[in-house]
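Worksheet for the structure shown next.
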Protein chains: 2
Amino acid sequence: MENKTPVTLKFLAEKLKMSVSTVSKALNNYPTINEYTKKRVQEMARDLRFTPNKSAINLKERKSRIIGIILPNLLDQYFTRSIAGVEQFAMQFGYNVIISQSHDEFEKEKQLADMLLKSRVDGLIIAISKETQDFNHLYQFEHMGIPVVYYARNPSFNLNCHKVLGNNFQGAYLATQFLIQRKHQKIAYLGGPKMINFTHDRFNGYINALKDNGVSFNTELVAYTDFNKENTIKAIQNLFSHPENLPTALVAFKEPILFDAIKYLKSINHPNFSQIECIGFGNNAFISYLDTPPVASVEENPESVGENAIKLLLQLINKEIELDHYQKIMVDCKLVVH
Amino acid sequence: MENKTPVTLKFLAEKLKMSVSTVSKALNNYPTINEYTKKRVQEMARDLRFTPNKSAINLKERKSRIIGIILPNLLDQYFTRSIAGVEQFAMQFGYNVIISQSHDEFEKEKQLADMLLKSRVDGLIIAISKETQDFNHLYQFEHMGIPVVYYARNPSFNLNCHKVLGNNFQGAYLATQFLIQRKHQKIAYLGGPKMINFTHDRFNGYINALKDNGVSFNTELVAYTDFNKENTIKAIQNLFSHPENLPTALVAFKEPILFDAIKYLKSINHPNFSQIECIGFGNNAFISYLDTPPVASVEENPESVGENAIKLLLQLINKEIELDHYQKIMVDCKLVVH
DNA sequence: CAAAATATTTCAAACGTTTGAAATATAACG
DNA sequence: CGTTATATTTCAAACGTTTGAAATATTTTG
């Protein structure tokens with residue numbers, strides 16, 4: 001039960017009456033070490049449950065074998081799903097992952113970044129908070145030669161950086177087109193916080209789908225909200241306040257927000273409620289429990305986004321890709337009809 | 001952009017033409033160091049963005065300042081909510097947290113435990129997988145003097161270990177009593193996988209509430225399922241198959257499962273559907289979107305469970321509590337009426 | 001059997017930090 | 001001004017591992 005002397009190379013060496021280097025090389029299977037010696041060392045190591053001290057190795061190798069992830073929160077299934085992709089791949093290559101939540105706050109994000117920098121992570125994967133405008137806390141990493149991959153959320157200015165993003169344009173295009181094919185002419189677009197860049201990409205996808213299919217665009221059919229329910233209701237009230245432009249369909253930037261919208265329309269007994277068809281981004285597992293589910297969902301494939309992010313990061317860490325040879329990877333969306 | 005010589009104590013010392021130890025002590029605010037020297041060192045450290053190498057410190061201190069968490073998955077809000085409590089507290093004390101998912105598989109859990117052991121975590125918090133019967137992979141930690149706190153899920157045998165658990169008995173009692181107060185006499189209990197220990201605690205809470213309130217117990221009102229939808233439907237069919245014991249209320253072990261049940265009852269147009277009142281464990285954020293939500297939820301306070309787990313673990317790490325002085329902490333549930 | 005070739009083991013320095021003991025500088029005192 | 005007291009800085013070892021170079025042991029060869 002007690003942990004007396006920790007089992008180190010030195011300890012093994014003393015037991016076996018040989019030098020530390022022999023033990024080390026035997027365990028690392030050096031060809032210059034005698035087979036019989038190797039066997040003796042390896043057996044002893046196993047019996048005494050020797051585990052190499054990672055801190056020592058990391059110090060020697062000047063690496064931490066830790067990858068940091070900063071994301072807005074873990075309650076959003078998009079992010080938890082994206083982690084699955086990252087984790088599995090990282091572990092396979094001997095990396096540990098430290099996950100931390102910024103709660104979509106800039107200050108918290110800065111604090112986490114500093115913490116991870118101090119922990120000397122070998123790389124960082126980040127979905128920036130919705131407040132993040134200043135990137136100094138992240139430039140620090142590159143300054144120290146630590147690669148950073150921005151994922152899921154696109155930094156708002158045209159930052160030179162490595163990105164892995166969902167193809168928001170394509171996703172919104174798909175959704176809009178689908179609704180047009182179902183004979184809708186008054187399709188509303190409910191966008192998210194303007195601070196979050198993908199809002200615009202999605203808007204463009206929406207616009208382009210309208211144009212390509214000869215449906216006229218009307219600003220009265222566009223409104224914006226954020227993650228706040230009251231604001232969503234206001235936006236919906238606004239969308240449905242123009243009698244000659246009443247929406248018959250709706251594309252919403254995020255599913256839980258869409259659910260708020262649907263709930264509200266239902267609660268006010270909107271006359272044409274049953275005819276209104278909605279699509280939101282997310283494909284939330286919870287949809288199957290709704291009485292009036294959206295007609296379809298834009299599946300963003302977050303696992304794939306995460307997987308691409310970690311793969312890119314590992315390539316950067318291993319210098320298979322130059323740090324300043326900025327990559328941009330887009331992951332396509334898929335329409336899931338319910 | 002390039003990372004030439006890394007900024008180390010040695011580097012600072014050379015720049016400042018003083019010894020490494022002076023620099024180290026100045027940064028650590030030793031009283032023996034001259035104030036003016038301290039100022040010079042600290043300024044230089046700031047300007048050159050010196051960050052102490054954690055691996056070196058950890059090696060010296062024989063700690064990793066990393067806490068491992070193993071939990072079944074991140075899609076269950078119970079677990080993601082519990083992490084919030086852990087993370088914040090850990091960070092406050094300078095610890096990093098490595099989160100990993102067992103996907104409720106024993107083999108995966110074993111693999112993760114080995115990985116964390118190799119990473120020399122200073123402590124482990126674990127919610128065991130539903131398959132875990134053998135605990136050798138976890139005993140290893142104690143064998144090396146690394147504290148382990150079992151949380152959320154109770155090991156199935158009467159293991160000597162540190163535990164932080166939700167008070168499942170009390171939660172189920174509360175739910176059952178609430179339904180009795182609402183004049184229900186035929187209250188069904190839908191339990192979870194029998195492998196997961198809390199199923200029984202909840203059953204006991206249910207039974208005791210019935211007894212204490214003079215409601216007779218009937219085995220026909222009890223059924224078990226797991227996380228599989230088909231099995232839930234079978235269980236519900238079973239519960240509603242005894243004409244002289246038709247449930248008018250239902251206590252379910254987990255909310256998403258309860259939603260499956262509700263959905264099924266609604267889909268078959270159960271004649272008394274609107275009168276049936278349900279309560280599940282969880283208090284899921286999505287409840288507000290349901291057309292026919294449960295009458296109430298058992299709020300398990302996972303944040304508090306997580307917070308208690310990390311607090312206990314830190315006490316064990318700091319040897320404020322003896323490793324073999326086993327603690328058991330119960331976190332009460334709360335009934336939330338919708 | 002000595003010399004050369006090869007196999008195997010050990011030495012020693014390095015990674016970056018901390019810290020008690022020793023050394024040196026500065027101030028205070030009679 | 002020589003001592004003693006105090007303030008400040010430096011030395012040196014340690015944490016546990018890796019690895020090229022050096023040392024030693026063993027085998028082969030003429």
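The sequence lines fix the lettering, A, B, ..., with proteins before strands; numbering per chain opens at 1. Being a predicted model, the structure only gives us computed values, none of them experimental.
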Original post:
Between the base of D:dT17 and the side chain of A:K25, is there any donor-acceptor pair under 3.5 Å?
Top reply: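 No, the side chain and the base share no sub-3.5 Å donor-acceptor pair.
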Rounded distance (Å) that lies between atom [atom2] of [N] and atom [atom1] of [X]:
{"X": "B:F50", "N": "C:dT18", "atom1": "CZ", "atom2": "P", "result": "7 Å"}
{"X": "A:N29", "N": "D:dT18", "atom1": "CG", "atom2": "C1'", "result": "15 Å"}
{"X": "B:Y30", "N": "D:dT10", "atom1": "OH", "atom2": "P", "result": "15 Å"}
{"X": "A:K60", "N": "C:dA12", "atom1": "NZ", "atom2": "C1'", "result": "11 Å"}
{"X": "A:E61", "N": "C:dG16", "atom1": "CD", "atom2": "P", "result": "13 Å"}
{"X": "B:K54", "N": "D:dG16", "atom1": "NZ", "atom2": "P", "result": "19 Å"}
{"X": "B:L16", "N": "D:dT10", "atom1": "CG", "atom2": "P", "result": "11 Å"}
{"X": "A:F11", "N": "D:dA14", "atom1": "CZ", "atom2": "P", "result": "18 Å"}

Subject >> Heavy-atom closest contact (A:L59 atom, B:S55 atom, distance) >> reply: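 In terms of heavy atoms, the two residues are closest at N-CB, 3.9 Å.
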Original post:
Distance-only, no hydrogens or angles: does the B:Q42 side chain make a donor-acceptor pair with backbone N or O of B:A26 under 3.5 Å?
Top reply: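 Confirmed, B:Q42 side chain pairs with B:A26 backbone.
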Subject >> Check: B:K328/B:Y150 side-chain N/O donor and acceptor closer than 3.5 Å >> reply: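 Side chains of B:K328 and B:Y150: no pair found under 3.5 Å.
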Original post:
Do B:S100 and A:E87 have side-chain N/O donor and acceptor atoms under 3.5 Å apart?
Top reply: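 Short answer, no.
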Original post:
At under 4.0 Å, does any side-chain N or O of A:S19 touch on OP1 or OP2 of C:dT10?
Top reply: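 Indeed, a polar side-chain atom of A:S19 lies that close.
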**OP:** Check whether any side-chain nitrogen or oxygen of B:S21 sits under 4.0 Å from OP1 or OP2 of D:dT9, and answer yes or no.
**Re:**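 B:S21 to D:dT9 OP1/OP2: no side-chain N or O under 4.0 Å.
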**OP:** Apply ring-ring contact (aromatic ring centres under 6.0 Å, His included) to B:Y151 and B:H162, showing your working.
**Re:** CA-CA 8 Å; B:Y151 92 118; B:H162 302 279; over 10 Å; no
Proximity to the side chain of [X] - top-ranked nucleotide from [options]:
{"X": "B:T8", "options": "D:dG16, C:dC15, C:dT17", "answer": "C:dT17"}
{"X": "B:V20", "options": "C:dT18, D:dT18, C:dG16", "answer": "C:dT18"}
{"X": "A:L59", "options": "C:dT9, D:dT8, D:dG16", "answer": "D:dG16"}
{"X": "A:R62", "options": "D:dT9, C:dC15, C:dT17", "answer": "C:dC15"}

Within the structure shown, what part of the strands sits under 4.0 Å from [X] by heavy-atom distance: base, sugar-phosphate, or nothing?
{"X": "B:T37", "result": "sugar-phosphate"}
{"X": "B:Y36", "result": "nothing"}
{"X": "B:S24", "result": "base"}
{"X": "B:I57", "result": "sugar-phosphate"}

Subject >> Closest-nucleotide ordering on DNA chain D, the 5'-leading residue of B:T22 and A:S55 >> reply: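 The residue closer to the strand's 5' end, by nearest nucleotide, is B:T22.
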Subject >> Whichever of B:N34 and A:N28 has its nearest DNA chain D nucleotide further upstream toward 5' >> reply: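 Comparing both residues, the 5'-ward one is B:N34.
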Original post:
Are the charged groups of B:R153 and B:D104 less than 4.0 angstrom apart, N to O?
Top reply: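 Looking at B:R153 and B:D104, the cut-off is met.
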